[in-house]
Protein chains: 2
Amino acid sequence: MIDKPAGSTSPKAQHIASEVRRRIVEHEWRQGERIPDEADLAIEFDAARATVNKALQLLAGEGLLDRRRRAGTRVAIDPVRKATFTISIVREQVEQAGMAYSHRVFAQRKSPIPDDIAARVGLPPGEVLVHMRAVHYGDGLPFQLEDRWLNPRAAPELEKADFWQLNANEWLVRNAPYLRAELAFSAENANRRDARLLRTQLGQALLIMHRTTWNDLGPITTVRVAFQPGHFVGTEKTTAGGD
Amino acid sequence: MIDKPAGSTSPKAQHIASEVRRRIVEHEWRQGERIPDEADLAIEFDAARATVNKALQLLAGEGLLDRRRRAGTRVAIDPVRKATFTISIVREQVEQAGMAYSHRVFAQRKSPIPDDIAARVGLPPGEVLVHMRAVHYGDGLPFQLEDRWLNPRAAPELEKADFWQLNANEWLVRNAPYLRAELAFSAENANRRDARLLRTQLGQALLIMHRTTWNDLGPITTVRVAFQPGHFVGTEKTTAGGD
DNA sequence: GATATCCTTATGTATAAACATTACGAGTGG
DNA sequence: CCACTCGTAATGTTTATACATAAGGATATC
């Protein structure tokens with residue numbers, strides 16, 4: 001999955017899934033075509049129907065199969081293309097690259113949210129949240145710049161945390177699990193502040209990541225991360241599909 | 001939930017998963033803490049252990065739980081943050097936005113691959129592949145520019161396809177399912193060609209997506225997609241996690 | 001005290017059986 | 001010919017049971 005979206009799979013079910021995948025990739029079973037039903041496959045693979053079911057559900061989750069009750073299972077006309085990103089903690093990313101991690105907070109204060117942020121997180125415009133800006137470094141060089149809004153109403157313990165010292169990213173990961181998240185990428189030319197904090201040039205193309213998370217009390221945080229020029233964000237594995 | 005990586009889940013298992021998720025989000029069960037074992041939860045929820053197992057495996061897949069044989073299940077110290085992107089067919093994206101789709105191929109010819117591409121796909125440098133460049137339009141305005149390399153050795157039928165007419169993206173989706181894929185985002189300042197084909201200015205920040213796919217015969221295709229300035233690529237749903 | 005060994009426990013996987021649910025498609029009646 | 005009904009086939013979900021496997025912890029050994 002991009003890896004396997006779901007957890008680990010069992011040997012036998014796994015084997016069945018691989019074999020079905022192979023038949024699809026090698027055009028033994030073509031797109032749109034109906035494949036044998038669970039009972040038949042169970043006989044062929046000498047397994048219980050439940051095991052075949054597990055394998056086929058896995059493949060359906062990957063988007064390779066379309067399954068409908070009574071109608072049967074068929075190879076997806078256009079395999080859904082899914083990719084799973086794992087967003088690591090910044091410090092881990094930096095240290096994994098063999099660099100020394102450090103970070104610095106450049107601003108932190110309560111402030112009414114601008115309209116675009118309000119719209120993104122679903123709060124009334126002008127609501128007062130904690131606003132902060134910080135830069136994460138690898139071996140002293142800017143790695144990423146984050147511009148973050150925090151909502152104390154969704155995470156009360158947040159009031160007590162000292163983000164001049166603590167890393168907001170890590171604090172949130174450890175103390176404020178979320179129920180829903182949105183993630184988006186875009187590109188922007190570095191503005192004056194971006195350029196200064198990332199120590200690059202005005203106009204330099206920057207990869208921007210926007211992330212917002214919610215729990216049952218409302219939005220927890222929304223952040224705009226600007227990566228150092230040339231940075232790639234990618235997947236390691238991807239589920240099967242088309243293209 | 002994220003699209004829940006895996007397909008749909010069952011009512012009862014689903015309910016158990018939601019309840020466990022709630023207990024974690026509301027700090028009833030804290031990070032690192034061990035939760036009751038499957039047998040106990042089965043009694044509490046009046047379900048079979050297999051059902052509890054299904055629910056917990058789902059949550060483990062989301063990264064909210066860490067499970068180990070004999071050691072039991074505990075709330076993940078730092079919930080893995082995963083986001084699933086669904087890469088749609090360009091035409092669908094454009095049409096879904098209510099625009100008229102069209103595309104134009106600007107170049108197509110066999111050519112030896114440059115070293116960086118060779119390294120990315122794992123082929124010897126200088127190998128000859130099909131190289132093509134095309135622009136996809138929405139209502140006549142450039143939507144995205146793709147620079148693609150195709151490997152006939154991994155998809156033989158490819159030789160017969162006429163990509164001056166056909167949309168390579170769609171042809172591949174329908175005819176060349178893959179087993180593995182890599183996806184990465186970055187940002188680049190538009191070069192002269194990007195600017196001309198996307199009808200924008202030199203230096204404009206562009207969101208770049210790189211995608212490479214493989215089947216059992218080797219790399220099928222690798223493509224660099226440059227999006228129209230201001231374009232966002234994002235997720236709709238994301239699995240639970242931290243931050 | 002350090003190390004090796006075994007027992008026990010919690011999860012991992014598979015199976016058979018049963019019932020729920022959906023919707024295809026045939027049959028019925030107008 | 002159309003609309004409606006209903007039987008039935010395929011998947012969806014749960015359950016009970018059984019055995020496999022990993023690893024924590026106690027015990028035994030040196």
Side-chain angles (χ1 to χ4, degrees), chain A residues 1 3-21 23-24 29 32-77 80, chain B residues 1 3-21 23-24 29 32-77 80:
Chain A
M1 336 180 190
D3 207 4
K4 139 193 31 163
S8 49
T9 320
S10 3
K12 202 155 181 176
Q14 184 70 270
H15 172 256
I16 295 172
S18 302
E19 175 58 16
V20 171
R21 228 187 318 255
R23 291 183 189 177
I24 293 172
W29 288 340
E33 194 172 296
R34 176 141 175 220
I35 75 173
D37 65 38
E38 296 185 348
D40 291 344
L41 290 175
I43 295 169
E44 181 190 337
F45 290 107
D46 185 35
R49 186 171 76 90
T51 306
V52 173
N53 182 278
K54 192 173 177 182
L56 297 188
Q57 289 211 9
L58 175 68
L59 296 176
E62 289 181 5
L64 218 47
L65 296 178
D66 276 340
R67 324 189 68 210
R68 274 164 56 219
R69 286 179 146 136
R70 160 77 212 208
T73 299
R74 46 189 70 232
V75 180
I77 308 271
V80 175
Chain B
M1 21 181 92
D3 138 125
K4 176 179 339 166
S8 50
T9 321
S10 1
K12 203 156 183 176
Q14 183 69 270
H15 172 256
I16 296 173
S18 301
E19 175 60 16
V20 171
R21 226 185 324 252
R23 291 182 188 177
I24 294 172
W29 288 339
E33 195 170 295
R34 176 141 172 219
I35 76 172
D37 64 38
E38 295 185 348
D40 290 345
L41 289 175
I43 294 169
E44 181 191 337
F45 289 107
D46 185 36
R49 186 172 77 89
T51 307
V52 173
N53 182 276
K54 192 174 177 183
L56 297 188
Q57 290 212 9
L58 176 68
L59 297 177
E62 288 180 4
L64 264 193
L65 297 177
D66 275 341
R67 324 190 67 209
R68 273 162 57 217
R69 286 177 146 136
R70 159 76 213 209
T73 300
R74 44 190 71 231
V75 181
I77 308 271
V80 175

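Every chain is numbered from 1, with letters handed out A, B, ... down the list of sequences.
Heavy-atom minimum distance, B:Val52 versus B:Ile16: CG2-CD1, 4.1 Å. Between A:Leu58 and A:Ala17, the shortest heavy-atom contact is CD2-CB, 4.1 Å.
Atom CG in B:Leu58 sits roughly 16 Å away from atom C1' in D:dG12 (whole-Å rounding). Between B:Phe45 atom CZ and D:dT13 atom P the separation is 18 Å, expressed in whole Å. Distance CG (B:Asp66) to P (C:dT11): 13 Å, rounded to an integer number of Å. Rounded to whole Å, the distance from NZ on B:Lys12 to C1' on C:dA20 is 13 Å. As rounded to whole Å, 15 Å separates atom P of C:dG12 from atom CD of A:Gln14. What separates NE2 of A:His15 from C1' of C:dT13 is a distance of 16 Å, to the nearest Å.
The salt bridge (Lys or Arg N to Asp or Glu O under 4.0 Å) search around A:Arg69 returns none, not counting sequence neighbours.
When the side-chain nitrogen and oxygen atoms of B:Thr51 are compared with OP1 and OP2 of D:dT13, none of them lie within a distance under 4.0 Å.
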Below 3.5 Å is the cut-off: list the nitrogen or oxygen pairs between protein and nucleotides 8-11 of chain D, distance only.
| unit_1 | atom_1 | unit_2 | atom_2 | d |
| --- | --- | --- | --- | --- |
| D:dT8 | O2 | A:Arg70 | NH1 | 3.1 |
| D:dA9 | O4' | A:Arg70 | NH1 | 3.1 |
| D:dA10 | N3 | A:Arg70 | N | 3.3 |
| D:dT11 | OP1 | A:Thr73 | OG1 | 3.2 |
| D:dT11 | OP2 | A:Glu38 | N | 2.9 |
| D:dT11 | O2 | A:Arg69 | NE | 3.3 |

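With respect to A:Ile35, the side chain to side chain contact (heavy atoms under 4.5 Å, CB included) criterion is satisfied by exactly one of A:Ile24, A:Asp40, A:Val75: A:Val75.
Backbone-only engagement by A:Asp46 is indicated by non-hydrogen atom pairs under 4.0 Å involving sugar-phosphate atoms exclusively.
Listed for the A:Arg34 side chain is no donor-acceptor partner under 3.5 Å among the backbone atoms of A:Arg74.
The B:Ala50 side chain lies nearest to D:dA16 when the options are D:dA16, D:dT14, C:dT13.
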Checking side chain to side chain contact (heavy atoms under 4.5 Å, CB included) for the pair B:Leu59/B:Val20: CA distance, chi angles, key distance, verdict?
-> CA-CA 9 Å; B:Leu59 297 177; B:Val20 171; 3.5 Å; yes

